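Below is one structure; the comments refer to it alone.
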Amino acid sequence: MQVILAKHAGFCFGVKRATQLAFQAANIGSETYTLGPIIHSPQVVQRLEEMGVIPVDNVSEVETGGTIIIRSHGVAAEELEAAVRANLEVVDATCPFVKKAQEHVATLSKEGYDIVVVGDAVHPEVQGIVSYAAGRVYVVSSHKDVERLPRMSKIGVVAQTTQSFEHLHEVVAACLARGGEARVYNTICDATAVRQEEAKKLAGAVDCMVVIGGFNSANTMRLAQICLELLPRTHHVETASQIDEQWFKGVKKVGVTAGASTPKWIIDEVIDRISAIDKDKIS
Ligand code: SF4
C-alpha cells in the first residue's frame, strides 16, 4: 500500500514557533502557564502539562513571578497589559502575521479610521485583533454585513489571517461602494489555503484519505470536510491508535494530511501504523 503525505501537512510557521517557545520555557523550569491552550492539539497540550506548563483561563490564576506564554493566535490587549502589570514574565508566541493585523488596527485607529475586521467575531484571534482598536470597530462575516454598518467617512480594513482573499475582496468592494476613504491591509496568511488546496488534489488521486489533527482544531475539521466531500473513504484521527485497518481493505494508495496544529511526531506515528498494515491480510 502506497502512503502519500501532503507536502505541507502539519505545523504552520506560527504554530511551530509558538510550540518551540513553549517547550523552551518548559525547559527553563520556572512556573509556566499558557493563556488558553497553546495550540489546538490535545497531545501537545498534554505533553507540555507533563513538563509543568499549565493552561489557565485568566492572568489572575498565575502565581507572581511565573511565566505566561501567549498563544499563536494572540490575546486581547487588556490581557497582555494585565500580565505585564502583574509582573509576570511574558513569552509572546503570538504569530507575527497575527501581530501585524493587531498593529495595523492600532495604527489605523489612532489615525482616525473606523475599523472593519473581516472574520469570525467569536474566534479568539479576531477578539484579540479587535481589542487593539481605540475607536469604533466592527467585525463582518460577509459583504452583506457591510450594508448594515453606520455611516463612516474613513474605513480601515484588515482580515482574520485564515480568511480567503475572495472574501476580503468582496468586503472591500462593499466598503468602497459606500463612498469615502478606505485603507486596506491584506493580513491573510496562506498556510490554511495551501493545506486545503493540497488536500483537494491528494483526495482526488488516492483511494483513502487520513486527516490527522485535534478534534477541536477548526482547520483540521475543515481539511477533513473538504476531503470527505471528494472522497467518502476519508477518516479523521487525532492519534495512530485510532487507525482501523478495516479502512484500508482493497486500498492501493492512501493520502495523509494534517492540520496546522498537528505535530510531526503524531504524523510519523500515523504513517508508521498505516505502513505496517498488510492490506492483503485484512479479513
Ligand atoms: S495559520 Fe498563519 S497566521 Fe495562523 S499561526 Fe499559522 S502561520 Fe500564523
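The residues of the chain are indexed from 1 along the displayed sequence. Computed from a prediction, not measured in an experiment: that's the story for all the values here. Atoms within each ligand, like the ligands themselves, are counted from 1 in listed order.
- Listed by chain and number, the hydrophobic cluster partners of V122 come to none, as no ILVMFWY side chain reaches under 4.5 Å of it.
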Distance-only check: which donor-acceptor pairs under 3.5 Å involve side-chain atoms of residues 1-16, not counting sequence neighbours?
| residue | atom | partner | partner atom | Å |
| --- | --- | --- | --- | --- |
| H8 | ND1 | E198 | OE2 | 2.5 |

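- Under a 4.0 Å N-O distance rule, the pair K154/E111 does not qualify as a salt bridge.
- Protein nitrogen, oxygen and sulfur atoms, that is N, O or S, within less than 2.8 Å of atom 8 (Fe) of ligand 1 amount to 1.
- Side-chain contact, Q20 with R17: no donor N or O sits under 3.5 Å from an acceptor N or O.
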Quiz: residues 79-87 side-chain donor-acceptor pairs under 3.5 angstrom, not counting sequence neighbours:
| residue | atom | partner | partner atom | Å |
| --- | --- | --- | --- | --- |
| E79 | OE1 | A76 | N | 3.3 |

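- Ring pair H73/H123: centre-to-centre distance below 6.0 Å.
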